[in-house]
Amino acid sequence: MAVYVATPPPSLSFFSSSVFFTSSSSHRQTLKPLLTFRLNSLKPLTTAPLRPITSELATLPVLSFTGEKVGETYLGLKSAPPETARAVVHRGIITDLQNKRRGTASTLTRGEVRGGGIKPYPQKKTGRARQGSKRTPLRPGGGVVFGPKPRDWSIKINRKEKRLAISTAVASAAVNTIVVEDFGDKFEKPKTKEFIAALKRWGIDPKQKSMFLVMELSENVVLSSRNIGTLKMLTPRTLNLFDILNADKLVLTQAAVDYLNGRYGVDVEGENEDEEADDGDGENEETQQEEEGPVAEENPGAAE
């Protein structure tokens with residue numbers, strides 16, 4: 001008959017386990033850690049530097065009013081690096097949508113609802129829950145708990161960041177962009193059917209969302225295109241990020257291409273930003289100097 005004797009498992013104590021000692025029994029008194037730590041062995045983490053803003057150069061066909069290809073043009077716009085492009089465009093679109101909110105929603109709390117000065121019914125002998133006012137949120141017509149109040153939803157975005165978001169969005173949509181000749185004088189009278197025929201000649205499905213960017217809008221063009229629900233007719237003044245991202249096709253005129261290259265091109269060193277900043281800040285500085293001028297003259301000792 002075999003007898004099995006259960007042996008206890010080896011101890012995993014730090015001072016008795018063989019994992020932390022050498023195999024020789026003569027050196028059991030000296031601890032030798034398995035991992036040696038040296039400060040000199042640490043190397044600083046090297047992260048890949050972010051790529052600077054580049055230019056996305058795209059060649060676009062130029063179509064005539066009849067739909068024939070008459071030439072080519074280029075579109076060279078600033079584009080954010082792939083690592084940050086999504087974040088820049090997202091911040092730009094969120095800023096636009098937030099700033100469009102009016103923030104006029106308002107509800108009445110129980111302190112603002114009219115009435116409720118007397119007790120609705122006696123405290124006892126009714127079998128109902130105790131009520132002290134008609135304005136309680138538990139009753140119909142009472143106040144609203146944590147309801148919306150008028151507030152300002154607007155958020156700030158830097159001017160250069162906003163322009164970079166627009167240029168990145170237009171550059172990414174270059175594959176779905178065509179350039180047409182100026183068609184402002186082609187419509188002698190308002191006719192939606194003629195505008196739809198022009199869209200088909202340019203290879204655009206009227207059922208798809210399309211965005212037109214032109215420098216000037218003639219009255220006949222506006223009247224001919226306003227009944228097309230999938231079409232947006234924009235000018236540089238009304239150009240926005242939402243309509244760019246929401247469109248399936250971008251249609252530009254040659255003048256609009258020159259405008260985009262001149263305003264959002266990579267060769268632009270920020271002269272427009274500086275001019276606008278000077279225009280905006282200069283007025284504030286002059287006003288501040290005019291306001292502070294008489295005070296400084298009246299109190300000359302304060303300036304010293």
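Below, each value reflects all heavy atoms present in this structure, side chains not excepted, and no hydrogens, waters or symmetry copies.
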Closest non-hydrogen atom pair between [X] and [Y], with its separation:
X	Y	result
I196	P206	CG2-CG, 3.7 Å
S167	L77	O-CD1, 4.0 Å
K207	T230	O-CG2, 3.7 Å
S225	M233	OG-CE, 3.7 Å
Y264	R163	CD2-O, 3.7 Å
A173	L250	CB-CD1, 3.6 Å

Student check: side-chain heavy atoms of [X] and [Y] closer than 4.5 Å:
X	Y	answer
I228	L199	yes
M211	V251	no
L245	V89	yes
P137	R110	yes
T253	V179	no
I244	V170	yes
L213	L239	yes
T235	M215	no

If you measure from [atom1] on [X] to [atom2] on [Y], what distance do you get to the nearest 0.5 Å?
X	Y	atom1	atom2	value
L60	E72	CG	CD	9.0 Å
T238	D243	OG1	CG	8.0 Å
L223	T192	CG	OG1	8.5 Å
T84	L164	OG1	CG	7.5 Å
R130	K124	CZ	NZ	7.5 Å
Q123	R128	CD	CZ	12.5 Å

Around atom [atom1] of [X], are there more than 12 heavy atoms of other residues, nucleotides or ligands at under 6.0 Å?
X	atom1	answer
K191	NZ	no
E216	CD	no
E188	CD	no
F242	CZ	no
K149	NZ	yes

Looking at E219 and K189, is there a salt bridge between them, counting it only when a charged N and a carboxylate O are closer than 4.0 Å?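 Salt bridge between K189 and E219, a charged N being under 4.0 Å from a carboxylate O: no.
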Less than 4.0 angstrom from a charged side-chain N to a carboxylate O is my criterion; do K162 and D96 meet it?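 Here K162 pairs with D96 in a salt bridge, since their nearest N and O are under 4.0 Å apart.
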Counting distance only, does the side-chain N/O of [X] pair as donor-acceptor with the main-chain N or O of [Y] below 3.5 Å?
X	Y	result
S218	G184	yes
N99	L97	no
Q98	T95	no
D205	Q208	no
W202	S64	yes
T168	A80	yes

Does K209 form a side-chain hydrogen bond (donor to acceptor under 3.5 Å, both in side chains) with N246? I'd like the steps, not just the answer. CA-CA 7 Å; K209 297 178 181 179; N246 192 40; 3.2 Å; yes
Side-chain heavy atoms nearer than 4.5 Å, only ILVMFWY residues, links allowed to pass through others: does that put [X] and [Y] together?
X	Y	result
F187	I204	yes
V175	L75	no
F183	L63	yes
V257	V70	yes

Polar contact flag, side-chain donor to acceptor under 3.5 angstrom, N261-D258: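 Distance-only check fails for N261 and D258.
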No-hydrogen, no-angle side-chain donor-acceptor test under 3.5 Å, D152 and S154: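 Present: a donor and an acceptor within the cut-off.
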Can you list the steps and then say if R86 with E83 is a salt bridge (Lys or Arg N to Asp or Glu O under 4.0 Å)? CA-CA 7 Å; R86 186 181 182 89; E83 298 85 2; over 6 Å; no
Between N176 and D248, is a side-chain contact (heavy atoms from CB on, under 4.5 Å) present by the stated rule, with each step listed? CA-CA 7 Å; N176 297 323; D248 298 325; over 6 Å; no
V62 vs V180, side-chain contact (heavy atoms from CB on, under 4.5 Å): CA-CA, chis, key distance, verdict: CA-CA 5 Å; V62 181; V180 299; over 6 Å; no
Residue pair F65, R201: steps toward the side-chain contact (heavy atoms from CB on, under 4.5 Å) verdict: CA-CA 8 Å; F65 186 71; R201 289 196 300 268; 3.3 Å; yes
Could you go through L260 and L252, starting from their C-alpha distance and side-chain angles, then the distance that decides it, and tell me whether this counts as side-chain contact (heavy atoms from CB on, under 4.5 Å)? CA-CA 10 Å; L260 292 176; L252 312 174; 3.9 Å; yes
Determine the interplanar angle of the F212 and F195 rings, folded into 0 to 90°, and report it as parallel if under 30°, tilted if 30 to 60°, perpendicular if over 60°.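 Rings of F212 and F195: tilted, as their planes differ by 30° to 60°.
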